[in-house]
Amino acid sequence: MKKILALVIVLLVAVLMVLTKPSRKAHKEAMMAAVKEYVAEEVEGKFGKNVLTSIGKGFVTKTVEVALSTKLKEHDYLLLNTTYINLDGKEKLLSVGMFGHVFTFDKDMLRENLEEAMKDKEE
């Protein structure tokens, strides 16, 4: 009886994961929120709050948004999905989505990947 109950619970969790898997749009929105937070902290930390930093933040945010729109790819694993960006032939993981939530990078990983993306764009 315990094995059947455990199996039913596992199946219910699997079905829940399939039904609550975030969309590509949710991944992009989560990434943009993380990017905006990162850019605001970096710019305001170095230059303070003023009109020029607001313009700069807007420019950087828009540039990243355009890059994500064109380069963001998704892997669907039925129970969860991931998004990544292809830089120099290597896939860089950006986010993991499951149970209706998108988990993104920490700030250090975001900084590293944004710097690589900007280098890639310059070339």
Pairing residues for His101 by the side chain to side chain donor-acceptor pair (under 3.5 Å) criterion, not counting sequence neighbours | none

Which pairs with one or both residues in residues 5-16 pass salt bridge (charged side-chain N to carboxylate O under 4.0 Å, His left out), sequence neighbours excluded?
-> none

Give a yes or no on whether Val102 and Tyr77 share a hydrophobic cluster (residues Ile, Leu, Val, Met, Phe, Trp, Tyr; joining criterion: side-chain heavy atoms under 4.5 Å apart).
-> no

Quick one: name the residues clustered hydrophobically with Val10, using the 4.5 Å side-chain heavy-atom rule over I, L, V, M, F, W, Y, and just say none if it's on its own.
-> none

Would you list the atom pairs, donor with acceptor, under 3.5 Å between side chains in residues 12-21 and any protein atom, with sequence neighbours excluded?
| unit_1 | atom_1 | unit_2 | atom_2 | d |
| --- | --- | --- | --- | --- |
| Thr20 | OG1 | Leu16 | O | 2.7 |
| Lys21 | NZ | Asp76 | OD1 | 2.7 |
| Lys21 | NZ | Asp76 | OD2 | 3.1 |
| Lys21 | NZ | Leu78 | O | 3.2 |

Under a side-chain separation threshold of 4.5 Å, the hydrophobic residues clustered together with Tyr84 are none

Spatial distance of atom NZ (Lys3) from atom CG (Leu7) [nearest 0.5 Å] = 11.0 Å

Might you confirm whether atom CD1 of Ile4 has over 12 heavy atoms from other residues, nucleotides or ligands at distances under 6.0 Å?
-> no

Which atom names give the shortest non-hydrogen contact between Pro22 and Gly97, and what distance separates them?
-> CD-C, 3.5 Å

Mind listing the closest non-hydrogen atom pair of Leu94 and Leu72 along with its distance?
-> CD1-CD1, 3.5 Å

For Lys73 and Arg24, work out which heavy atoms get closest and say how close.
-> N-NH2, 4.1 Å

Which pairs of donor and acceptor atoms, one on a side chain in residues 26-33, lie under 3.5 Å apart (sequence neighbours left out)?
| unit_1 | atom_1 | unit_2 | atom_2 | d |
| --- | --- | --- | --- | --- |
| His27 | ND1 | Ser95 | OG | 2.6 |
| His27 | NE2 | Asn81 | OD1 | 2.8 |
| Lys28 | NZ | Ser69 | OG | 2.5 |

Measure the shortest side-chain to side-chain distance between Leu80 and Thr82 over non-hydrogen atoms and say whether it is less than 4.5 angstrom.
-> yes

